[in-house]
Each structure stands twice: as structure tokens, then as C-alpha cells.
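Structure first, commentary second.
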Amino acid sequence: MEIVFATKNEGKLKEFKQLVKGLDIYVLSLNDVNFDGEIPEEATTYFENALRKAREVSMFCKRIAVSDDSGIEILAYNNGPGVRSARFLPELTYKQKNKKIILDLEGTSGNERAAKYKCAIAIYTPEGKSFHCNGECEGVISSEPKGKRGFGYDPIFFLPEYGKTFAELPVKIKNQISHRANAFKKAKKILTDLKNADTTK
Ligand code: IMP
């Protein structure tokens, strides 16, 4: 069975290919299907953003398409920036954004520093069926940025049980416990069911 993973992020594509290894599912990229459209992420939920991408790509190339949308929710920001994470403080670099978040949270401790990464995955079939699943990963905002791996808010996303930020953890570990990994694991089950129902396989 062939499916398209609707992302321009090479890291996510690699992670996703790794996940479906052994399932006899061939993962195509947007380049492979010549999709070069821009799909805005302006909805109010991760799921709607993911679904829109998966639907448009599936309708374009008449294949099953998988898409994800994610963000960070910081309790002290009333769970913001959330679905707007990619557009949060656009004038700042991530290094500057992370510094600002730490400054904003100065004087807080314990649960007041709680944060969550969230991810929604949508799967859309050429017959117009859609499926979705979610994943989360809980942490706290660290008191200083640490680590050079990962991207975005990873240097300030601290996992108490590992004593490290996401940017300090080996990528292999992040890819086992992250919000995306947790959502991908559920997507794997949906894709396996679709493959088993696919008479053209
Ligand atoms: P998207 O799902 O690629 O649209 O990502 C949305 C935004 O959420 C990213 O631009 C980052 O700001 C943030 N984000 C999502 N996942 C992660 C992660 O694993 N590490 C760091 N930032 C993330």
C-alpha cells in the first residue's frame, strides 16, 4: 500500500518512515507526488489543521494521505500558544522566544511551570474517509535553556523523569516518547487496519 505523508519537514518524514517500517507500507513525500501547494494552518484545533492538509493532499494525488499538526501548551499562558505555536511571536527567533518564556515564568515553581506538547494526526482516504488520533508529552518549562538537539521549544521543555530537556535527550529517546511518537503509534494501528482492508495490496 502506498501512502503520502503530507509534510515539508524532512525530520518528520524520516521519523514517520521509521515508524511504518515492517508494515509493507510505502511512504511517499509531497515531492514524490509533485504537490507544491501551500496549505495554511489557520484553524483553531490541531486536528482541523491536520485534516485539511491530509484531505487536500489525498484529493490531489488520489492516495491515502497522513498529516500532523502540533504545538506546545504552557499552563502559565492559559495553555497558549497551542495551535498557534508556529506563529507565536513571529518577530523573535526561537532562542529569543525561549528566553522570553523563561522570563515570563520567573518566580513560578512546580506545577505553575507545567507544559505539554500536543500532536494530532489525520488520515484521509481517496474514498473520503477520515481518521484521527492524538498524542501528548508532559513536561515543565526549565529555568534556563539547555541542550542543542531538537528544535523550537525543546531547549526549555524539561522532562522531570529524565532530568533533561528535550534538546539534551538523544533524538532516539525523544522519538520514542514525544507527542508525535505517541500519536504515530496510534496512527500505525489505523494504517495497519487500512492496509488489511486494501484489496489492491
Ligand atoms: P507543526 O506541527 O510542524 O506545524 O509545528 C507547530 C509548532 O509547534 C512548531 O513550529 C514548534 O514551534 C512547535 N513544536 C511542535 N513540535 C515540537 C517539538 O517536537 N519540538 C519543539 N517544538 C515543537
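The structure presented is a predicted model; accordingly, all values stated were derived computationally and were not measured. Just so you know, ligand 1 is whichever comes first in the structure, and atom 1 is the first atom listed for that ligand. Computed over heavy atoms, backbone and side chain alike; hydrogens, waters and symmetry mates excluded. Here, residue 1 is the first one in the sequence, and each next residue gets the next number.
In the vicinity of Glu41, heavy-atom distances shorter than 4.0 Å reach the ligand 1 atoms 4 (O). The atoms of ligand 1 that sit less than 4.0 Å from any heavy atom of Lys174 are 18 (C), 19 (O), 20 (N). Near Lys12, with a cut-off below 4.0 Å to any heavy atom, the atoms of ligand 1 are 1 (P), 2 (O), 3 (O). Within ligand 1, the atoms closer than 4.0 Å to a non-hydrogen atom of Gly71 are 8 (O), numbered from 1 in the order shown.
Ligand 1 has no atom lying under 4.0 Å from any heavy atom of Gly150. The closest approach between a heavy atom of Asn9 and any atom of ligand 1 is not below 4.0 Å. Taking 4.0 Å as the cut-off, Phe166 does not count as a neighbour of ligand 1 on heavy-atom distance.
Checked for salt-bridge contact, Glu48 and Arg52 miss the test: no charged N lies under 4.0 Å from a carboxylate O. A salt bridge is absent between Lys62 and Glu2: the closest approach of a Lys/Arg side-chain nitrogen to an acidic carboxylate oxygen does not fall below 4.0 angstrom. Contact check on Glu168 versus Lys146 returns no salt bridge, with no Lys/Arg side-chain nitrogen under 4.0 Å from an Asp/Glu carboxylate oxygen. A salt bridge does not link Glu41 to Arg87: none of the charged nitrogens lies less than 4.0 Å from a carboxylate oxygen.
Taking a 6.0 Å sphere around CD of Glu106, one finds it holds 12 or fewer heavy atoms contributed by other residues, nucleotides or ligands.
Distance from atom 11 (C) of ligand 1 to its nearest protein heavy atom, with residue and atom name: Tyr94 OH, 3.6 Å. From the protein, the heavy atom lying nearest to atom 5 (O) of ligand 1 is Ser70 OG, 3.5 Å. For atom 16 (N) of ligand 1, the closest heavy atom belonging to the protein is His179 NE2, 3.0 Å. Here the protein heavy atom with the shortest distance to atom 20 (N) of ligand 1 is Asp154 OD1, 2.7 Å.
For ligand 1, none of its N or O atoms has an N or O atom of Asp68 under 3.5 Å away. Not one N or O of Lys53 is nearer than 3.5 Å to an N or O of ligand 1, by distance alone.
Within the 4.0 Å heavy-atom criterion, both parts of Phe151, backbone and side chain, lie near ligand 1. At a 4.0 Å heavy-atom cut-off, ligand 1 does not touch Phe88 at all.
Side-chain contact check for Tyr117 and Asn182: no donor-acceptor pair (N or O, by modelled atom type) lies under 3.5 Å.
In this structure a side-chain-to-backbone donor-acceptor pair under 3.5 Å is missing from Thr165 to Phe157.
No side-chain heavy atom of Asp32 sits less than 4.5 Å from a side-chain heavy atom of Cys61. Within the 4.5 Å cutoff, no side-chain heavy atoms of Phe88 are placed close to those of Ile72.
Just one residue in the list Ile102, Leu89, Ile156 forms a side chain to side chain contact (heavy atoms under 4.5 Å, CB included) with Lys97, and that residue is Leu89.
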